[in-house]
**Student:** 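My questions all concern the structure below.
Keep in mind the model is a prediction, meaning the values are calculated, not measured.
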Protein chains: 2
Amino acid sequence: MSRRRVTLADVARTAGVSSTTASLVLSGRGSELRISTAVQDRVRTASSELGYRPNIVSIGLRKGTTRTLGLVSDTVATGQMAGDMIKGAIEAARDLGFMLFIGETEGDPAIESALIDAMQDRQVDGIILTSMFTRTRAVPEALERVPTVLLNTLPAGPTRAPAVVPDEVAAGRAAARLLIDAGHREIHLVGAGPGPHDVPPDTVAGVERLAGILEVLEAEGLTPASGHLCDDWAPPQGWAATHELLRQHARPRAIVCFNDRLAFGTYQALQEAGLRIPQDVSVVSFDNYPMADWLRPGVSSFAIPHEELGRRAVELLIARITARAAGTGDAEVPAGDADRAEPVTGDVHRLPLPLRARGSVAPA
Amino acid sequence: MSRRRVTLADVARTAGVSSTTASLVLSGRGSELRISTAVQDRVRTASSELGYRPNIVSIGLRKGTTRTLGLVSDTVATGQMAGDMIKGAIEAARDLGFMLFIGETEGDPAIESALIDAMQDRQVDGIILTSMFTRTRAVPEALERVPTVLLNTLPAGPTRAPAVVPDEVAAGRAAARLLIDAGHREIHLVGAGPGPHDVPPDTVAGVERLAGILEVLEAEGLTPASGHLCDDWAPPQGWAATHELLRQHARPRAIVCFNDRLAFGTYQALQEAGLRIPQDVSVVSFDNYPMADWLRPGVSSFAIPHEELGRRAVELLIARITARAAGTGDAEVPAGDADRAEPVTGDVHRLPLPLRARGSVAPA
DNA sequence: GGTCCGTGCTAAATCGGCTTAGCACCACGA
DNA sequence: TCGTGGTGCTAAGCCGATTTAGCACGGACC
C-alpha cells in the first residue's frame, strides 16, 4: 500500500492517456472536447479504482480558488449562541462543498488583522465577519477586496458586504403584542427602558427590542408601567431589577425581560415574593436559551435563530463567490478606474425570531 | 493599487536578485549560504516595503505542509462544552501559527469519512477527532496515516493516536472526599449508582465519576446512602430523582449530583420540600456550567477544563507534526516493511477537573 | 599559464493540477 | 497529388514557492 496520494498523473498512466485527457474527462469536459467514450470510460475506471481525489491545494494554486471560507469571530465562547451560529455555518458550508476556517480575535484588532491575513495567505474564497452579540462595527479595509458577509453585525460605514442579523425590532413588537393581546395594559420592562435611550451601551439588541416594544405600546396609547435598565443582562441584575420593581409596584401583572438570563433572576425574585407565574404575573423574554426550558414554568421566549443566521451567511457568501467567478458578480468593477471606490451599502438581511411559547404568559 | 498579491518574484525583481536568492534570504538561510549582507538587506527591505506575504497554498503544494489542522467533531452545538473546547483549540493553533478547519459529522460515519477526505484534500497537517461528550470509539483507518489526536475521546482499539480527556475518576474521588471531609457519612447519588454499573449507557463520565466516588466511600467503609440512575442528565430527571430520594429519606444531608443540570432539578425539588442548601443539605456537582453560578447558593462543581483540553490536543498534535517533519517522529516506521502495522496504543493524557467551590457544601 | 578553490549568486526542476495551443491522422474533394 | 477540415488526443506553460545543481569570477598555487 503506497503512502503517497494518488495523483492525476497516476490515473492517466493507468488509463494509458495523457494527464491532459484525464483532466478533461474528470472535469466533465470530455464529450465537449470529443474524447471518445472508450477513453472516457478507461479514465473514469482508473480514477475510481485508484481512489483518485484531486489535490485541492494544487487547484488552489492554479485557479486561485480553494473551496474554503474563513469565519472571523470576536469570541467563540459566549454561551450557546456561538456554537449554534457556527454550527449553522459549518453545515451550510459542508452542504455546498466548502470547508470553514474558524478564528477568533478576542476583540483585538491586531489579532483580527493577523487572522484575516492568515486566511488570505491560505487563499480563502471569502470571509464571514461575525460577532457573538449583535453589534455595529466598521469593516476592515482589507476585506473590501474579498467577498465578505457580516454575520450578527451591522456595518458602521458604507460597505459592499451584506449583513445577516436577527430582526430584533420585530421581536420587540411581537413581545409587546403578545402581552397586549392577552389583555395586559400595564407592562414592566426588566433590562432596559422606560425611555428609548435607556439601554446598555453598544447593544443593538437592546436598542431594537426596546424600539419595537415602545412602538407597539405607543400605538395602543401606552407607555411602560416601569423600566429598569441593567448594565449586564445576567441573573443577579434581573433579580435586583425585579426586586426594585416589586418595591414600587406590589402587584405587577406583566413583565418583559430583555433576555432569558434576566428572566431567571426575575423568576427568583417573584418566587421569593410569593408571586406565581403565570397566574399572578406573566413573563415574556428573548433569546430562548436552553435555560428557558428548565425554569418552571418555562419562559415564553423569542428565539434568536442562530443556526439559521450562520447558514444564511454562508449561503450568501457562496452565492457571491460563484457570481464573481462567473463574471457576473459585483467584483466586476465597471470598466475604467478600478479604484473608483464605489461602496454600495450591502443588503441587510433580517431574520425573524420565532416565539417559543411555554407557560409563562396568561390572560390578564 | 494593484489587485494582485505580491509574490516572491516581485520582491526579487525589486531587490534586483533572483527569486532563489530572495527565497533563501527570507527563509533565514541567507548567511548559511553566503549571501552578502548588502543583498540580504535589499531583499528584506523590498519584502517589507511591498508587504510581501508568502502564499501558503504554494508552499503547501511544494512542501506538502499547510500549517493547517482539521478538527472533526460529532456535533458542535451541545451546550457550552463545544464552544470552550473549540475556543481552546483555536487559540492554541493561532498561537502556534496554525489555522483550524472545523467540521461536524452529526454522528454519521459517512459524513465523517467525507469530512476527513475533504480535509486531506486540503493537505491538513494533522487531525483532531473529538466528541462533545466523553466517549469511547474506534479510530477510522484513514487516520492512521495522518498525525491524529483524540480529544474528549478514548480509543476503542489499539491506535498510535494519543488521547486527551478529563480525569473523571479523580474528580469522582474528589467529590466524595469533599463531602466526607465535611463530616458527611451518608451520601446520596443523583444521576447514577448505587451499584458501579448503574450508569446511563455510553457515558464515560458516568462510569468514571461513579468509580471514583465508590472507591473513596469504600476506603471509608461506606456505600452510597442511595443511588438514582437517570437516563438523561437534565433538570427534569434531577428533579424526579430527588423527589424520589426525598420520599425514601425525609432528611438527606449530602447529595452528589452527576452534573449541574441534574443539580438544577435537585435544587428545585429541595426548595419545594422546604430544605435549605447548604444548612440542611450539602450538594456537590460536576461540569461547572455557567448555571452553577446562577443558582442560589451557587453549586460547588468540578469544572471540566474544556478550554485546556482543546489547547492540549492542539499542542500535542503540533508537537507530533513537527517531530515527524524533523524525521524523529513516530511517522518513521523503522526501516523495512512500512506496512508492518505496529499500532502502539497512544498515550492518554488526563487533565484534572478543578473544584469551583461555591456555597452549596456545609459541615455535617 | 593552467588548475583549483572559495565566494556569491542563479537556472531550472519540482509539487499537481488546469488550460492554451497545436499535432497526427484520416477522409474527402479538387 | 495536394490541400482542407474534422476528429481525437497531447505537449508544454502556468500558478508561487522551495531546492538542487551548478555557473561565473577572482585569487592562490604550482
Side-chain angles (χ1 to χ4, degrees), chain A residues 2-44 46-47 50-68 120-123 125 325, chain B residues 2-44 46-47 50-68 120-123 125 325:
Chain A
S2 81
R3 183 159 235 80
R4 210 173 48 76
R5 267 181 83 99
V6 175
T7 70
L8 183 63
D10 297 329
V11 174
R13 201 175 315 114
T14 307
V17 299
S18 72
S19 56
T20 305
T21 304
S23 173
L24 293 175
V25 171
L26 295 178
S27 64
R29 306 203 299 145
S31 304
E32 176 193 338
L33 284 167
R34 305 178 307 248
I35 306 290
S36 66
T37 22
V39 168
Q40 295 210 29
D41 286 348
R42 284 219 308 281
V43 170
R44 272 192 264 270
S47 168
L50 295 178
Y52 169 69
R53 295 185 58 91
N55 182 330
I56 296 194
V57 171
S58 169
I59 297 177
L61 183 55
R62 182 66 231 259
K63 303 215 292 188
T65 173
T66 51
R67 298 192 77 75
T68 298
Q120 309 250 52
D121 292 348
R122 288 167 177 80
Q123 302 268 72
D125 296 331
Chain B
S2 81
R3 182 159 234 78
R4 212 173 46 73
R5 270 180 79 99
V6 175
T7 70
L8 183 62
D10 297 329
V11 173
R13 201 174 316 112
T14 307
V17 299
S18 71
S19 56
T20 305
T21 303
S23 172
L24 293 175
V25 171
L26 295 178
S27 63
R29 305 202 300 144
S31 304
E32 175 193 338
L33 283 170
R34 303 176 310 245
I35 307 290
S36 65
T37 21
V39 167
Q40 297 211 28
D41 286 348
R42 284 219 308 281
V43 170
R44 272 191 266 269
S47 167
L50 295 178
Y52 169 69
R53 294 184 59 92
N55 182 329
I56 296 194
V57 172
S58 171
I59 297 178
L61 182 56
R62 182 65 231 259
K63 302 213 295 190
T65 173
T66 51
R67 299 192 77 76
T68 297
Q120 308 251 52
D121 292 348
R122 287 168 178 79
Q123 303 268 69
D125 296 332

**Student:** Look only at the side chain of A/Thr66 and the backbone of A/Gln123, and say whether a donor-acceptor pair between them is shorter than 3.5 Å.
**Tutor:**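 Yes.
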
**Student:** Evaluate A/Val25 against A/Val17 for side-chain contact (heavy atoms from CB on, under 4.5 Å), listing each step before the verdict.
**Tutor:** CA-CA 11 Å; A/Val25 171; A/Val17 299; over 6 Å; no

**Student:** Tell me, which of residues 16-27 of chain A have any heavy atom that sits under 4.0 Å from an atom in DNA chain D?
**Tutor:**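 Heavy-atom contacts with DNA chain D come from A/Val17, A/Ser18, A/Thr20, A/Thr21.
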
**Student:** Are B/Leu8 and B/Leu26 close enough, and set up right, to give a side-chain contact (heavy atoms from CB on, under 4.5 Å), and what steps lead you there?
**Tutor:** CA-CA 10 Å; B/Leu8 183 62; B/Leu26 295 178; 3.9 Å; yes

**Student:** Please output the side-chain donor-acceptor pairs of residues 56-64 of chain B that fall under 3.5 Å, not counting sequence neighbours, one pair per line with the distance.
**Tutor:**
none

**Student:** Please set out all donor-acceptor pairs under 3.5 angstrom arising from side-chain atoms of residues 31-41 of chain A, sequence neighbours excluded.
**Tutor:**
| from | atom 1 | to | atom 2 | distance (Å) |
| --- | --- | --- | --- | --- |
| A/Ser31 | OG | A/Gln40 | NE2 | 3.4 |
| A/Ser36 | OG | A/Val39 | N | 3.3 |
| A/Gln40 | OE1 | A/Arg44 | NH2 | 2.6 |
| A/Gln40 | NE2 | A/Ile35 | O | 3.1 |

**Student:** Which residues, if any, of residues 32-41 of chain A bring a heavy atom under 4.0 Å of DNA chain D?
**Tutor:**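 Residues of residues 32-41 of chain A under 4.0 Å from DNA chain D: A/Arg34, A/Ile35, A/Ser36, A/Val39.
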
**Student:** Could you tell me whether the phosphate oxygens of C/dG16, OP1 or OP2, come under 4.0 Å of any side-chain nitrogen or oxygen in A/Tyr52?
**Tutor:**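 So the side-chain polar atoms of A/Tyr52 never come under 4.0 Å of the phosphate oxygens OP1 or OP2 of C/dG16.
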
**Student:** Take atom CZ of B/Arg122 and atom P of C/dG17, then tell me their distance rounded to the nearest Å.
**Tutor:**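 About 14 Å, once rounded to whole Å.
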
**Student:** Which residues pass the salt bridge (charged side-chain N to carboxylate O under 4.0 Å, His left out) test with A/Asp125, sequence neighbours left out?
**Tutor:**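 A/Asp125 satisfies salt bridge (charged side-chain N to carboxylate O under 4.0 Å, His left out) with no residue once adjacent residues are dropped.
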
**Student:** Please identify each residue that fulfils side-chain contact (heavy atoms from CB on, under 4.5 Å) with A/Ser18, with sequence neighbours left out.
**Tutor:**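 Residues passing side-chain contact (heavy atoms from CB on, under 4.5 Å) with A/Ser18: A/Thr20, A/Thr21.
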
**Student:** Between A/Arg53 (side chain) and A/Arg5 (backbone), is there a donor-acceptor pair under 3.5 Å?
**Tutor:**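 A pair under 3.5 Å: no.
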
**Student:** Checking all strands, does A/Leu8 fall into the base, sugar-phosphate, or nothing category for heavy-atom contacts under 4.0 angstrom?
**Tutor:**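 The residue A/Leu8 makes sugar-phosphate contact but no base contact.
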
**Student:** Under a criterion of less than 4.0 angstrom to any heavy atom of chain A, what are the 5'-terminal and 3'-terminal contacting nucleotides of DNA chain D?
**Tutor:**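 Nucleotide range with atoms under 4.0 Å of chain A: D/dT7 to D/dG16.
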
**Student:** Please check: side-chain N/O of A/Ser27 versus main-chain N/O of A/Ser23, any donor-acceptor pairing under 3.5 Å?
**Tutor:**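 Pair found, side chain donor or acceptor close to backbone of A/Ser23.
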
**Student:** Give the rounded distance in Å between these two atoms: CD of A/Gln123 and P of C/dG17.
**Tutor:**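 Spelled out: CD on A/Gln123 to P on C/dG17 is 17 Å.
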
**Student:** End-to-end bend of the helix from C/dG1-D/dC30 to C/dA30-D/dT1 (five-pair axes, 10° rounding)?
**Tutor:**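 Here the local axes at opposite ends form an angle of 100°.
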
**Student:** Under the side-chain hydrogen bond (donor to acceptor under 3.5 Å, both in side chains) test, which residues partner A/Arg122, sequence neighbours left out?
**Tutor:**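 Partners of A/Arg122 under the side-chain hydrogen bond (donor to acceptor under 3.5 Å, both in side chains) test: B/Thr68.
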
**Student:** In the structure I gave you, are the side-chain heavy atoms of B/Thr7 and B/Asn55 within less than 4.5 Å of one another anywhere?
**Tutor:**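 Result no, sub-4.5 Å side-chain heavy-atom pair not found.
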
**Student:** With sequence neighbours left out, write down each residue that passes salt bridge (charged side-chain N to carboxylate O under 4.0 Å, His left out) with B/Arg29, or none if nothing qualifies.
**Tutor:**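 For B/Arg29, no residue satisfies salt bridge (charged side-chain N to carboxylate O under 4.0 Å, His left out) once neighbours in sequence are set aside.
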
**Student:** Within residues 56-67 of chain A, find the residues that approach DNA chain C with a heavy atom at under 4.0 Å, and present them sorted by residue number.
**Tutor:**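 Of all residues in residues 56-67 of chain A, the ones placing a heavy atom under 4.0 Å from DNA chain C are A/Ser58, A/Ile59, A/Arg62, A/Lys63.
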
**Student:** Can you sort out the partners of A/Asp10 under salt bridge (charged side-chain N to carboxylate O under 4.0 Å, His left out), two or more places apart, ordered by chain and number?
**Tutor:**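 A/Asp10: salt bridge (charged side-chain N to carboxylate O under 4.0 Å, His left out) contacts with A/Arg4, A/Arg13.
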
